[in-house]
Amino acid sequence: MSVPQAFTIPNFEDLFAEFKQAAVDYVAQTDSDKAASLEQAFANESELLSQVMASSMIKHQAMLREQNYWALQMFRKFVTEADMVDLLALQYGLNRQTVKEADDSVFPPVEAEMESNEDLLRRFDLAPYQFHTTGTRQGYKFHALTLDARPYITIESEEAAVTMRFEFPTEQQPVPVKDAAARMLSANTGKVEVAILSRENPDGTASDELLERVSNYLNRDDIAQESDDITVKSVTPKPYTINAVCYTDGDPNNDVSEEDAVAAVQAFVDSEQKLEGRIDRLELGHVIYELGYSRVELTSPAADVVCEWDEAPYCTEVTINVKAE
């Protein structure tokens with residue numbers, strides 16, 4: 001999606017001409033001779049006044065660019081700043097989750113690991129499903145990714161009153177669920193399996209404690225469908241390795257360190273570790289080529305890694321050899 005017309009920046013030449021004409025017209029209202037002198041000064045780029053006006057236009061463009069940048073942060077399509085992501089998520093009552101608690105028992109203290117912008121925005125996209133019980137696949141996903149966030153809602157009827165009570169959790173626990181998916185494997189049975197990908201372990205497997213926590217939450221009376229029989233299970237990791245030889249041809253412009261290559265590949269691997277994920281060899285090669293190598297030989301994986309709905313790719317090793325040949 002392109003930037004809306006309302007947020008485009010006028011080019012320098014048009015803006016400069018518009019401001020010069022506006023200044024000449026304003027002066028001409030009281031003194032036509034001064035207006036003519038001003039117009040003559042603007043026509044000469046070496047004139048100090050012309051240079052001052054040009055620098056003002058550059059500053060004006062920079063201000064417009066900054067204002068438009070922050071205005072676009074209010075829209076889901078363009079938001080990138082963490083505080084604006086938090087503000088956007090509040091539209092659905094979502095708060096950034098703690099992925100891993102802080103540890104003050106060590107020195108230096110370890111700060112809490114918080115949910116990334118990408119993960120919070122994914123929950124934002126799924127947030128309309130919070131107004132429903134589970135049932136739909138996306139509904140299961142949203143509720144599993146937003147553990148313990150929904151208050152307990154009870155309704156009590158009396159003779160002349162109806163009381164609705166909201167009980168919010170008093171303690172906020174870390175939410176290590178990285179991804180979730182649900183399937184009814186036998187049609188019309190109501191038996192639903194929910195697979196959980198966890199941040200607890202590198203291969204994505206979930207602990208028994210987390211599975212129990214997810215199961216208890218999804219089976220709550222105000223969340224689960226009455227007709228559903230929900231079973232929660234851990235993801236099945238699908239291991240693979242990455243082995244690539246990268247050639248620079250002895251060109252300094254193609255000189256990329258092995259560490260940078262491994263970091264780029266690892267970032268790609270981490271982003272693709274999700275349920276029903278796929279490691280595409282062409283896409284992986286593109287990630288490495290973008291670093292600037294002249295040629296790449298990708299020997300592993302030998303084929304695309306394709307996962308089922310309850311599987312997730314798990315990279316056990318990344319080996320990058322850089323050669324100047």
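Just so it is clear, the values below take in all heavy atoms, side chains as well, and ignore hydrogens, waters and symmetry mates.
- For Lys233, the NZ atom sits in a packed shell: over 12 heavy atoms of surrounding residues, nucleotides or ligands are nearer than 6.0 Å.
- Scanning all heavy atoms of the two residues, the minimum distance from Val235 to Gly204 falls at CG1-O, 3.1 Å.
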What donor-acceptor contacts under 3.5 angstrom involve side-chain atoms of residues 88-97, with partners at least two apart or in another chain?
from, atom 1, to, atom 2, distance (Å)
Arg96, NE, Asp86, OD1, 2.9
Arg96, NH1, Glu115, O, 2.7
Arg96, NH1, Asn117, OD1, 3.1
Arg96, NH2, Ala82, O, 3.2
Arg96, NH2, Asp86, OD1, 2.9
Arg96, NH2, Asn117, OD1, 2.9
Gln97, NE2, Leu145, O, 2.8

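- Note: Phe12 and Phe16 have tilted aromatic rings, judged against thresholds of 30 and 60 degrees for the angle between ring planes.
- Within a 6.0 Å sphere centred on NZ of Lys100, other residues, nucleotides and ligands contribute 12 heavy atoms or fewer.
- Within a 6.0 Å sphere centred on CD of Glu193, heavy atoms belonging to other residues, nucleotides or ligands number more than 12.
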Side chain to side chain contact (heavy atoms under 4.5 Å, CB included) between Asp228 and Leu218: does it pass, once the steps are laid out?
-> CA-CA 10 Å; Asp228 286 355; Leu218 294 183; over 6 Å; no
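- Listed by first then second residue, pairs satisfying salt bridge (charged side-chain N to carboxylate O under 4.0 Å, His left out) with a partner in residues 151-166 read Arg165-Glu167, not counting sequence neighbours.
- Across all their heavy atoms, Val52 and Ser55 have their closest contact at O-OG, 2.7 Å.
- Heavy atoms of other residues, nucleotides or ligands lying less than 6.0 angstrom from CG of Asn188 number 12 at most.
- The distance from the CZ atom of Arg137 to the CZ atom of Arg183 is 3.5 Å, given to the nearest 0.5 Å.
- Within 6.0 Å of OH on Tyr26 lie no more than 12 heavy atoms contributed by other residues, nucleotides or ligands.
- Open room surrounds CE on Met74; 12 or fewer heavy atoms of other groups in view lie less than 6.0 Å from it.
- The number of heavy atoms from other shown groups lying within 6.0 Å of OH (Tyr152) does not exceed 12.
- Across every non-hydrogen atom of Cys307 and Ala312, the tightest pair is SG-C, 3.7 Å.
- Summarising the local packing, CD of Glu81 is surrounded by more than 12 heavy atoms from other residues, nucleotides or ligands at distances under 6.0 Å.
- Checked against Ser207 for a side chain to side chain donor-acceptor pair (under 3.5 Å), the options Glu200, Arg213, Glu212 give a single hit: Glu200.
- Using a 3.5 Å distance cut-off with no hydrogens or angles, the side chains of Thr241 and Ser300 do pair a donor with an acceptor.
- Remark: Glu297 engages Arg295 in a salt bridge, criterion side-chain N to carboxylate O under 4.0 Å.
- Between Asp270 and Lys178, none of the side-chain N atoms (NZ, or NE/NH1/NH2) sits under 4.0 Å from a carboxylate O, so this pair counts as no salt bridge.
- Connectivity analysis of hydrophobic side chains (ILVMFWY, heavy atoms under 4.5 Å, direct or indirect) links Leu185 to Trp309.
- Between His60 and Phe19, the ring planes lie tilted relative to each other; the angle falls in the 30° to 60° range.
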